[in-house]
Amino acid sequence: MKMEEMSLSGLDNSKLEAIAQEIYADLVEDSCLGFCFEVHRAVKCGYFFLDDTDPDSMKDFEIVDQPGLDIFGQVFNQWKSKECVCPNCSRSIAASRFAPHLEKCLGMGRNSSRIANRRIANSNNMNKSESDQEDNDDINDNDWSYGSEKKGLWYLPFQNPNSPRRSKSLKHKNGKWGWSNGNYNNSTGISYETLGPEELRSLLTTQCGVISEHTKKMCTRSLRCPQHTDEQRRTVRIYFLGPSAVLPEVESSLDNDSFDMTDSQALISRLQWDGSSDLSPSDSGSSKTSENQGWGLGTNSSESRKTKKKKSHLSLVGTASSLGSNKKKKPKPPAPPTPSIYDDIN
Amino acid sequence: MNKDAQMRAAINQKLIETGERERLKELLRAKLIECGWKDQLKAHCKEVIKEKGLEHVTVDDLVAEITPKGRGKEYRCGFTMLPRLVLNSQGQAVLLPQPSRLL
């Protein structure tokens with residue numbers, strides 16, 4: 001009660017403020033004292049100067065204030081001209097190109113595996129197609145040895161794609177495709193605009209040459225490619241070489257009209273009439289046997305052998321084409337050209 | 001005079017009893033660190049210690065050197081960052097940071 005009376009009576013601002021200031025001063029003095037004790041303890045325990053850096057280190061990390069340098073003292077374009085030595089291939093590479101080079105060099109980046117897979121696929125294709133070409137080339141060339149060149153091609157997958165060897169084989173590939181076409185899935189063609197007349201003529205003697213509607217390119221398959229008819233081939237040759245152009249496959253005196261399904265019927269009926277054994281035209285099975293017998297009687301033994309081999313899987317069209325081709329080749333010795341024809345059918 | 005002294009004593013006593021003084025002390029300590037008062041004092045301490053020598057510093061030395069500066073009443077050495085206590089319009093005591101004055 002006494003105190004309250006006292007407090008109530010003494011309440012005016014100036015006095016209040018004075019009292020507040022005093023309390024404040026007391027508190028500050030207490031804080032000072034406390035601080036002194038802390039410092040003294042730190043000094044005596046030896047950890048007072050621990051958070052200071054020594055003057056040598058201070059000099060190292062001083063802020064640099066020179067023109068052309070940043071505050072750490074580094075030059076701006078320093079890393080552009082520097083060259084690093086690759087630990088893998090021991091080449092000196094520019095610093096800014098170092099990381100991508102290392103990725104390719106070590107073969108560990110995302111892209112390098114993709115590129116490697118593509119190269120493997122390409123080299124497999126190239127090897128398949130070039131194995132034939134090399135046979136053809138090596139017969140003609142005496143300059144270089146066969147073994148070393150082959151090794152060079154296969155063991156260096158990182159060869160320059162523009163090297164003369166590669167371009168040479170590509171040119172030959174296109175020219176001589178006709179010999180080995182049956183085994184490959186051909187999706188390339190030739191654009192005829194870039195070829196000269198001599199090249200065109202040589203191409204047309206070995207390849208189908210029919211110009212595709214979609215790609216405007218010449219078909220590079222063989223002369224007997226099933227995608228195009230002889231009529232188309234003749235049209236192309238007339239277009240390129242003039243009206244006197246002749247299809248290269250015309251070697252016999254027989255008629256070379258396009259070979260349709262209707263013709264096959266006529267041929268088969270003619271065969272049946274040629275055959276000597278008893279037949280019924282409606283019976284397809286017996287007609288086939290009669291074909292063979294007819295052929296066996298009328299033609300060389302080699303041809304009959306071939307037809308017998310094909311007996312199991314010859315469709316009507318197949319028989320027609322084989323008959324047709326056999327018919328054309330009858331006057332000539334059948335041995336050399338016929339193997340390729342049968343390859344095509346296969 | 002007596003009344004004032006009495007009043008002061010009474011107020012102090014009341015502060016201690018309610019624990020308000022401790023609270024105010026903590027508050028002040030935080031405030032002093034915030035405004036940089038403590039770092040200033042520390043730098044001053046280092047100078048004193050380097051003068052006196054590390055081994056021979058006593059508490060009394062430190063107290064004698066530092067407290068006046070800490071209180072902000074040592075005009076010779078320049079002001080410390082001691083905040084001022086001001087009563088605002090609503091009657092509340094507010095600590096304002098001291099403006100730095102060049103000597």
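In the text below, chain A, chain B and the rest are named by the order of the sequence lines, each starting its count at 1.
- The 12-atom threshold is exceeded at CG of Asp60(A), counting heavy atoms of other residues, nucleotides or ligands nearer than 6.0 Å.
- Heavy atoms of Asn12(B) lying under 4.5 Å from chain A belong exclusively to its side chain.
- Around CD1 of Ile63(A), the count of heavy atoms belonging to other residues, nucleotides or ligands within 6.0 Å does not exceed 12.
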Ignoring hydrogens and angles, write down the donor-acceptor pairs under 3.5 Å from the side chains of residues 24-37 of chain A, residues two or more places apart or on other chains.
{"unit_1": "Tyr24(A)", "atom_1": "OH", "unit_2": "Pro83(B)", "atom_2": "O", "d": "2.4"}
{"unit_1": "Asp30(A)", "atom_1": "OD2", "unit_2": "Arg21(B)", "atom_2": "NH1", "d": "3.3"}
{"unit_1": "Ser31(A)", "atom_1": "OG", "unit_2": "Leu27(A)", "atom_2": "O", "d": "3.0"}

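- Within a 6.0 Å radius of CZ in Phe72(A), no more than 12 heavy atoms belonging to other residues, nucleotides or ligands are found.
- With a 4.5 Å cut-off on side-chain heavy atoms, Glu38(A) and Lys38(B) count as touching.
- Atom CD1 in Ile23(A) sits 8.0 Å away from atom CG in Leu24(B) (nearest 0.5 Å).
- Within residues 49-58 of chain B, the residues having any heavy atom under 4.5 Å from a heavy atom of chain A are, by residue number, Ile49(B), Lys50(B), Leu54(B), Glu55(B), His56(B), Val57(B), Thr58(B).
- Within residues 103-110 of chain A, no residue has any heavy atom less than 4.5 Å from a heavy atom of chain B.
- One finds the CG atom of Leu85(B) at 5.0 Å from the CD atom of Gln21(A) (value rounded to the nearest 0.5 Å).
- Among residues two or more places apart in sequence or in another chain, the salt bridge (Lys or Arg N to Asp or Glu O under 4.0 Å) test is passed with Arg91(A) by none.
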